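Atoms within each ligand, like the ligands themselves, are counted from 1 in listed order. The figures that follow rest on heavy atoms only: side chains count, while hydrogens, waters and symmetry mates do not. Since we're looking at a predicted model, the values are computed, not measured.
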Amino acid sequence: MSAPLETQLLINNKLVPASDGGQFELFSPHTGEVVAKVAEATREDVDTAVAAALAAFPSWSSLSPAERGKPLKKMAELVVSEKGSLAQLDALAMGRPVSTYFDSNYAATHFNYFAEAAYPQGHTSLNTPGFLNMSLRQPFGVVAIIIPWNAPLVFFSKKVAPAVAAGNCVVVKSSEKAPLSPWKVSLWIEKCGFPPGVINVLSGHGNVAGAALSEHMKVRALSFTGSTRTGRAIQIASAKSNLKKVVFELGGKSPALVFEDADIERAAKETENSINWNSGQTCMANSRIYVQESIKDKFLEAFTRFAKTRRLGDPTNPDVNHGPQADKTQLETVKRYIALGKDEAGTTIDTGSSSEKNDSKSLLVSPVIFANVPEDSRLTKEEVFGPVVVINTFIDEAEAIAKANDTEFGLYAALYTKDLERAVRVGKKLESGMVGINCTSPTGCWDLPFGGWKGSGTGRESLLDSMEHYLEVKSLYVRAPGIGGIV
Ligand code: NAD
């Protein structure tokens, strides 16, 4: 094994250690070895980064949109040409299989799109006699961006690109579980041509750097993707400090409904992929599947068959499509829910493979299927974030909708049926930000709003929607007796 990487913070285009020299060790979830010593940002580092962003804001925001777009385009090129090394870093840090790495293409599309999309406009109004009125849309100043670990570059790009394109300067905090790919990207920021202070990248834990950003008086907007629990803490910190604008993409407990007229093979294959992709560590994974009673056995057989084809192992091996859980904490959480399920479920199918059982160091968990689980159990209500699915049944449409909606989350719901009228009728009743009809997550599209209802979030992100989050609105009332009026 090679020597551990040593990462730094990027503040004002300088790579620096933490102000107190602090570091934390990052362990490979596959080998258990230390893969990096990561700089642990302090409150002082947060203050320095916010000050750098604040100082950069006047000149950055006064550039033309095309000028601000140039470095974004260079970043788009780099994330694609460096796809292999970025994929390796996430595999090392949190066990994401390199075979599943679509993140570079996603990021390049977002950097490229926002490089050309920053032409926000307000309204004009002639409806007040004697006035020519208008609304302006202007950047906030300093925006904080806090991202999770399950797809770091996806969240980095979908938030940083629109924020800086709109004229803001940002301080990004990566996740303590996956700081390596954001750190790698930070090495390219000056080379791309971003002036000092426009993009600052910190690594560290939530309770220090994340909390300091959430309560910072000079941060005017904060975009967060992560758990509902942390979202709530950030909301409180915002309210207690300067009421900064917060945008949340949070957790899920997404249902999939499979009606008896559905293509059962397709439904089983896609729902299995949804819950087990990234080892179940996906916000919109369909972790609750409701199958019409008459097709229960057929569906369960097909689902189990697909789950047993997962190729568990070393995430850096291109033949593997199911890596370990991200770290020991994740593993312990998943194991706790599995133990709970074994107590409560009517049926347990553990697809456990020998590779998992023989390898004591890797944090691998093979898919576990629980059927006939009480609707009020914790396993049915809480987000597990692991390869653990609940498969329950329903008798009719009304029961299916009621069960799907009986949750505090509302990120992504799916339904499978050949009856188009039913599909739309049910789709309209599902309390969810996204609904897949004859498809399930991660299927979506990058130009429609991505986000959740209820406890799954407050924001909607997409190529067309995200810039809204990073612009303030101002109404300008201009007394103009000579030219005001509607004619
Ligand atoms: P998390 O909430 O534990 O951490 C997310 C980020 O918040 C990390 O950078 C962490 O350091 C930081 N953080 C932790 N405590 C903080 C605090 N008190 N103040 C400020 N920042 C703090 O989530 P996670 O474990 O990294 O990610 C998994 C969660 O994210 C799951 O719930 C998943 O559903 C959700 N998620 C949602 C989406 C979406 O788009 N809706 C996408 C991916 C992940």
Side-chain angles (χ1 to χ4, degrees), residues 24 26 38 40-41 43 46 90 93-94 96 103 106 144-156 158-159 171-179 181-182 201-216 219 222-238 240-241 244 246-254 274-275 277-287 325-327 329-331 333-334 382-386 407-412 432-434 441-442 444 446 449-462 465-466:
F24 63 94
L26 186 71
V38 181
E40 169 81 62
R43 281 184 170 265
V46 168
D90 283 350
M94 46 68 69
R96 171 82 175 278
D103 311 35
Y106 180 98
I145 288 171
I146 303 181
I147 58 175
W149 47 268
N150 55 344
L153 189 59
V154 164
F155 302 111
F156 188 109
K158 82 191 303 197
K159 294 175 189 297
V171 181
V172 185
K173 194 200 81 65
S174 59
S175 164
E176 58 279 14
K177 290 185 178 35
S181 53
V201 185
L202 307 179
S203 46
H205 284 78
N207 57 358
V208 183
L213 282 168
S214 311
E215 56 198 49
H216 207 290
V219 172
L222 188 154
S223 178
F224 170 73
T225 296
S227 64
T228 302
R229 178 179 34 81
T230 304
R232 197 169 276 125
I234 292 174
Q235 180 91 281
I236 291 168
S238 161
K240 284 188 173 165
S241 55
K244 57 182 67 61
V246 288
V247 181
F248 292 147
E249 300 289 355
L250 307 175
K253 192 74 189 175
S254 293
S274 173
I275 180 62
W277 192 87
N278 206 15
S279 306
Q281 302 167 129
T282 313
C283 54
M284 52 184 162
N286 52 220
S287 47
Q325 304 310 120
D327 68 2
T329 313
Q330 284 298 123
L331 179 77
T333 306
V334 173
E382 297 173 11
E383 187 180 41
V384 177
F385 228 51
T407 171
E408 282 305 306
F409 295 105
L411 192 54
Y412 191 122
S432 183
M434 297 170 281
S441 63
W446 296 352
F450 181 105
W453 286 22
K454 304 197 273 191
S456 289
T458 59
R460 293 294 182 278
E461 293 180 310
S462 83
D465 296 87
S466 291

Test side chain to side chain contact (heavy atoms under 4.5 Å, CB included) applied to Q281 - qualifying residues, sequence neighbours left out: W149, N278, S279, Q325, A326, Q330, F385
Less than 3.5 Å apart, N/O on ligand 1 and N/O on the protein: could you list those pairs with the distances?
| residue | atom | partner | partner atom | Å |
| --- | --- | --- | --- | --- |
| ligand 1 | 2 (O) | S227 | N | 2.9 |
| ligand 1 | 2 (O) | S227 | OG | 2.6 |
| ligand 1 | 2 (O) | T230 | OG1 | 2.7 |
| ligand 1 | 9 (O) | I147 | O | 2.8 |
| ligand 1 | 9 (O) | K173 | NZ | 3.1 |
| ligand 1 | 11 (O) | K173 | NZ | 2.8 |
| ligand 1 | 11 (O) | E176 | OE1 | 2.6 |
| ligand 1 | 11 (O) | G206 | N | 3.2 |
| ligand 1 | 23 (O) | S227 | N | 3.4 |
| ligand 1 | 25 (O) | W149 | NE1 | 2.9 |
| ligand 1 | 26 (O) | W149 | NE1 | 3.1 |
| ligand 1 | 30 (O) | G226 | O | 3.3 |
| ligand 1 | 30 (O) | S227 | N | 3.4 |
| ligand 1 | 32 (O) | E383 | OE1 | 2.6 |
| ligand 1 | 34 (O) | E383 | OE2 | 2.6 |
| ligand 1 | 41 (N) | L250 | N | 3.3 |
| ligand 1 | 41 (N) | L250 | O | 2.7 |

From P182, P179, S175, residue fulfilling side-chain contact (heavy atoms from CB on, under 4.5 Å) relative to S203: P179
By side chain to side chain contact (heavy atoms under 4.5 Å, CB included), A233 pairs with (sequence neighbours left out) none
Please tell me whether S254 and N286 have a donor and an acceptor in their side chains that are separated by less than 3.5 angstrom. no
Could you report the tightest heavy-atom contact between K158 and S466, atom names first, then the distance? O-OG, 4.2 Å
Report, one line per pair, each donor and acceptor closer than 3.5 Å where one atom sits in a side chain of residues 450-459; sequence neighbours left out.
| residue | atom | partner | partner atom | Å |
| --- | --- | --- | --- | --- |
| K454 | NZ | N405 | O | 3.1 |
| K454 | NZ | T407 | O | 2.8 |
| K454 | NZ | E431 | OE1 | 2.7 |
| S456 | OG | G251 | O | 2.6 |
| S456 | OG | G410 | N | 2.9 |
| S456 | OG | L411 | N | 3.4 |
| T458 | OG1 | F248 | N | 3.1 |

